[in-house]
Each structure stands twice: as C-alpha cells, then as structure tokens.
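A quick write-up on the structure given underneath.
Residue numbering restarts at 1 for every chain, and letters A, B, ... go by the order of the sequence lines. This structure is a prediction, so every number in the text was calculated from the model and none was measured.
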Number of protein chains: 2
Amino acid sequence: MLSTMTASSTPAAGRHTGDSVQRSRDSVQRLMDAAVDAFADKGFHATSTRDIAARANMSPAGVYVHFASKQDLLFQLCKRGHVLALEIVISARDSAHTPPSQLVAIVSAFASWHAEQFRTARIVQYEFSHLTPEHRAEVLAVRKQIDAVVRNVLLAGVASGDFDVPDIAVTTLALQSLTIDVARWYGPGVRRTPQAIGTAYGDLALRLVRA
Amino acid sequence: MLSTMTASSTPAAGRHTGDSVQRSRDSVQRLMDAAVDAFADKGFHATSTRDIAARANMSPAGVYVHFASKQDLLFQLCKRGHVLALEIVISARDSAHTPPSQLVAIVSAFASWHAEQFRTARIVQYEFSHLTPEHRAEVLAVRKQIDAVVRNVLLAGVASGDFDVPDIAVTTLALQSLTIDVARWYGPGVRRTPQAIGTAYGDLALRLVRA
DNA sequence: CGAATCACTAAGCGCTTGCTTAGTTTCGAT
DNA sequence: ATCGAAACTAAGCAAGCGCTTAGTGATTCG
C-alpha cells in the first residue's frame with residue numbers, strides 16, 4: 001500500500017511547492033545511491049538497513065519514511081535500472097538505420113553502460129532474482145522488451161541479407177551475455193575505459209552475426 | 001585450524017578402515033549437495049546453516065562436525081568447483097590438436113558444463129565474491145589458470161594464422177563471458193539441452209575469432 | 001570387556017536483523 | 001501566532017542468525 005507510492009511518480013503528494021518537497025527528494029536520492037553502493041558490493045541479503053541508512057547519513061528508521069521495506073527499495077532500484085537500460089537500447093537502435101550499424105550501436109552502448117554504471121547493472125542483473133514473484137514479474141516485462149529490441153534487429157539483418165545467423169534465439173542470448181557479463185568483471189581498477197569496451201564489443205557483435 | 005582439514009584430502013584421519021569413515025564421507029557429501037542447492041537458489045547470505053542442515057537431514061550443529069563454518073563450506077564448494085572447471089577445460093583442450101578444434105572443444109565443454117551443473121557454476125561465478133580475501137586469493141589462482149588455457153589457444157591460433165583476433169585480452173574475456181553467463185540464465189524449464197547449448201556456443205566461438 | 005573416539009543432537013548464548021512505536025523538530029499554510 | 005503535516009530520530013521488540021556447549025549412542029581398538 002505504501003510500497004508502490006513511495007519513491008515513484010507523484011511529484012508532489014499534496015500541493016506543496018517549497019523546500020520540504022526538495023528535501024524529501026534529496027533524501028530519496030541519497031537513500032537510493034546508498035543502497036546501490038551497498039547492494040552492488042555486498043549483495044542484497046548481506047546489506048542491512050542500518051548500513052544503508054548510515055551511508056545516507058540517516059537513522060535506521062529514516063529509511064521507512066521513504067520506502068515501505070528493504071525489499072521495496074530493491075524493487076525501485078531494479079525497476080529504475082531496467083527502464084534506464086531499455087531507454088539506452090532503444091535510443092541506440094534509433095541512432096542508426098541499417099541492421100549492422102544498429103547492432104553495433106546497441107551492443108556498444110549497452111556494454112559501455114554496463115561498465116560505467118556497473119553498480120546499478122549488477123543490481124539489475126544479479127540481485128534481480130531476490131525480488132518477490134510479483135515484483136520480479138513486473139521487471140521481467142521490461143527485460144523482455146530489451147530482448148525484443150535486440151532480436152528484431154537480428155531478424156531485420158537476416159532478412160536484409162546483412163547477417164548470417166543460424167539460430168536467432170541463441171545469438172540474441174549470446175549478445176546479451178556478452179554485455180551483461182561486463183557488470184560482473186568490471187570495477188574500479190580495470191584499466192580499459194567503458195568507451196573502449198563498448199567499441200571492442202561492437203566489433204565482437206558483428207563477428208557473431210558474421211556481418 | 002579445523003577449516004582446511006575438514007572436507008579435504010585426508011582419506012582416513014586415523015587408521016580407521018570401517019564403516020564410520022564411509023558414513024562421514026556420506027555426510028560431507030550430503031552437506032555439500034545441500035549447500036550447493038541452497039546457495040545456488042537463494043544465495044550465500046540468504047541461506048542459513050539451519051537450512052543447509054535441514055536439507056541434509058541433520059541437526060543444525062551437525063554441520064560443524066564436518067565444516068569449520070558456513071564460510072568454510074562455501075570455500076570448499078567454490079574451490080572444488082573451480083578445480084573441476086579447470087580439469088574440464090584442460091581435458092577439452094587436450095582432446096583436440098589444432099587451435100580451431102581446441103577452441104570449439106573448450107567452449108563447447110565449458111558451456112554445456114555451465115548448463116548441466118548450473119548450480120555449482122553459479123556458486124563458482126557469483127558467490128565467489130563473498131569469500132574472505134585469503135580464500136578468494138586461493139581460488140583466484142585456479143581461475144587464472146583457466147584464463148591462461150583459453151588465452152594460449154587464442155595465441156596459438158593467431159600464430160598459426162587460423163584466427164583473426166585484434167585484441168587477445170578482450171576476446172579471451174568475451175569467450176568466458178559467453179560461457180559463464182549460461183549459469184545465470186540456464187535452469188530447469190529451459191528446453192534446450194546442455195549438449196545443444198555446447199554445440200551452438202562452439203560455433204559462436206569460431207565466429208568470434210573469425211576462423 | 002573397557003577405554004577411546006567418532007558422528008551426531010538438544011539446548012541455548014550473544015548478537016544482529018527488519019521493522020515499529022512514540023515522540024520531536026521543521027516548515028509551509030492559514 | 002497557530003495549526004497540521006511531513007521528515008526524522010531514539011529506543012526497542014520479536015525473530016532469526018552463526019556458532020558453542022554438554023551430553024548420547026554407536027563403533028573400533030587393545
């Protein structure tokens with residue numbers, strides 16, 4: 001009841017326009033940032049609500065002013081991350097107009113995002129499984145849209161004769177595996193820049209479809 | 001002190017040869033199986049020692065007869081899994097004699113192992129990060145050996161002119177990403193057989209090196 | 001047989017967990 | 001100035017955690 005209302009759409013619950021709304025927004029942002037950091041480097045279950053609160057300079061109870069539960073916080077993070085990922089993929093696709101260039105744009109953007117925002121990406125990809133079934137279902141819908149974008153580019157490329165792909169499903173999966181796994185191994189201390197990773201992975205994608 | 005001695009080498013701690021040794025070995029096996037199942041589907045931190053004990057039909061305290069701690073159990077699992085993975089990669093490599101066929105053998109075997117033993121593989125790949133620094137270092141050494149096997153095949157293939165690979169490091173990583181990620185998405189309910197996945201991924205590997 | 005050693009359990013200790021409650025402060029609206 | 005609502009905290013509760021202790025019954029050895 002509280003849960004979906006919390007850190008979501010409602011720009012102003014009442015008719016306030018002053019600083020209090022801004023302060024609340026700041027707190028929500030600080031909590032989410034704190035939770036991203038904590039979940040990404042210790043995992044959802046190894047992170048305590050006290051830990052999140054401390055990172056956000058708040059008392060343990062302060063978390064519950066803005067989020068219904070620790071689970072709710074994970075859900076908000078996970079959903080926001082998935083929506084962001086979908087936007088990135090769509091805008092990459094729309095930046096190009098032939099299947100090969102669209103594929104390069106998508107894989108390159110997606111891979112470099114998984115490096116640059118590896119903390120968020122880890123939550124999106126690996127903490128996802130700790131959501132409740134209902135929350136998981138909602139996020140899964142976004143995930144399927146991402147999958148569809150990639151698959152449709154492959155289908156278009158095969159239809160146009162640009163790609164040679166014997167199994168669309170396997171290749172779609174493989175392309176995503178390639179980019180998703182970046183979030184697992186990337187971290188501070190990795191020398192290669194996110195952009196360089198994107199470029200290299202764009203090339204690998206073309207090889208996978210034998211363009 | 002207890003930790004490294006527990007589920008490890010010593011075939012018989014004293015000079016026993018009777019059933020008691022066999023019973024202990026069975027219990028260790030049951031506990032490890034239980035822990036693999038639990039860790040793989042709930043994660044290390046979300047799994048309680050009581051949960052592991054219950055799955056192995058034991059009392060909570062029974063775990064500590066065979067393992068020094070929950071952390072120790074994860075370490076044994078993680079190490080065993082890594083050693084097994086290394087053996088698979090090495091024996092795949094040795095089953096073939098040219099770089100292309102070696103690459104196909106390695107990727108194919110590794111991918112189908114990640115599907116067939118996805119529970120163990122998940123622990124190896126994703127729970128690995130929850131080890132203590134010392135344990136992590138020990139396991140990391142095995143991981144580097146796996147990496148070296150793949151890299152050396154790529155180097156041999158480039159040297160022989162069979163492969164066209166601009167960046168050995170990136171391609172080594174990409175090949176592993178491809179196979180490792182199988183453990184993330186594979187599960188009961190996935191129709192494709194592990195063997196079919198192996199075959200498909202062997203082909204993808206050849207594409208990545210433009211053989 | 002008797003002693004030692006083993007796997008194993010019932011009970012529980014000290015601590016941390018997610019979350020609540022009751023109350024204080026802050027602040028915009030009247 | 002006063003009220004109402006919201007953000008926030010100090011304190012703490014019930015439950016669950018990893019792990020220990022004290023003890024039991026079976027097995028092996030001299």
Output all residues satisfying ring pair (Phe, Tyr, Trp, His ring centres under 6.0 Å) with A:Phe128, sequence neighbours left out; order by chain, then residue number.
A:His82
side-chain hydrogen bond (donor to acceptor under 3.5 Å, both in side chains) involving B:Thr132 - partner list, sequence neighbours excluded:
B:His135
DNA chain D nearest-nucleotide lookup for A:Met58 and B:Gln71: closer to the 5′ end is A:Met58
Between the base of D:dG16 and the side chain of B:Arg50, is there a donor-acceptor distance below 3.5 Å?
no
Any side-chain N or O of A:His66 less than 4.0 Å from the OP1 or OP2 oxygen of D:dC8?
yes
I need the full list of salt bridge (charged side-chain N to carboxylate O under 4.0 Å, His left out) pairs touching residues 183-207 of chain A, with sequence neighbours left out, sorted by first then second residue.
A:Asp181-A:Arg184, A:Arg192-B:Asp167, A:Asp203-A:Arg207, A:Arg207-B:Asp164
Partner set under salt bridge (Lys or Arg N to Asp or Glu O under 4.0 Å) for B:Arg151, not counting sequence neighbours
B:Asp147
Which residue pairs pass the salt bridge (charged side-chain N to carboxylate O under 4.0 Å, His left out) test when at least one of the two sits in residues 103-118 of chain B, sequence neighbours left out?
none
Residues passing the ring pair (Phe, Tyr, Trp, His ring centres under 6.0 Å) test with B:Phe44, sequence neighbours excluded, are B:Phe39
Near DNA chain D, under 4.0 Å by heavy atom, which residues of residues 41-49 of chain A?
none
Whether each nucleotide of nucleotides 20-25 of chain C has a protein heavy atom under 4.0 Å at its base (B), only at its sugar-phosphate (S) or at neither (-) is summarised, 5' to 3', as B-----
Are B:Ser69 and D:dG18 close enough that a side-chain N or O sits under 4.0 Å from OP1 or OP2?
no
N/O donor-acceptor pairs under 3.5 Å from side chains in residues 106-115 of chain A, not counting sequence neighbours:
residue  : atom : partner  : partner atom : Å
A:Ser108 : OG   : A:Gly198 : O            : 3.4
A:Ser112 : OG   : A:Ser108 : O            : 3.3
A:Ser112 : OG   : A:Ala109 : O            : 3.3
A:His114 : ND1  : A:Phe110 : O            : 2.9
A:His114 : NE2  : A:Gln125 : NE2          : 3.2

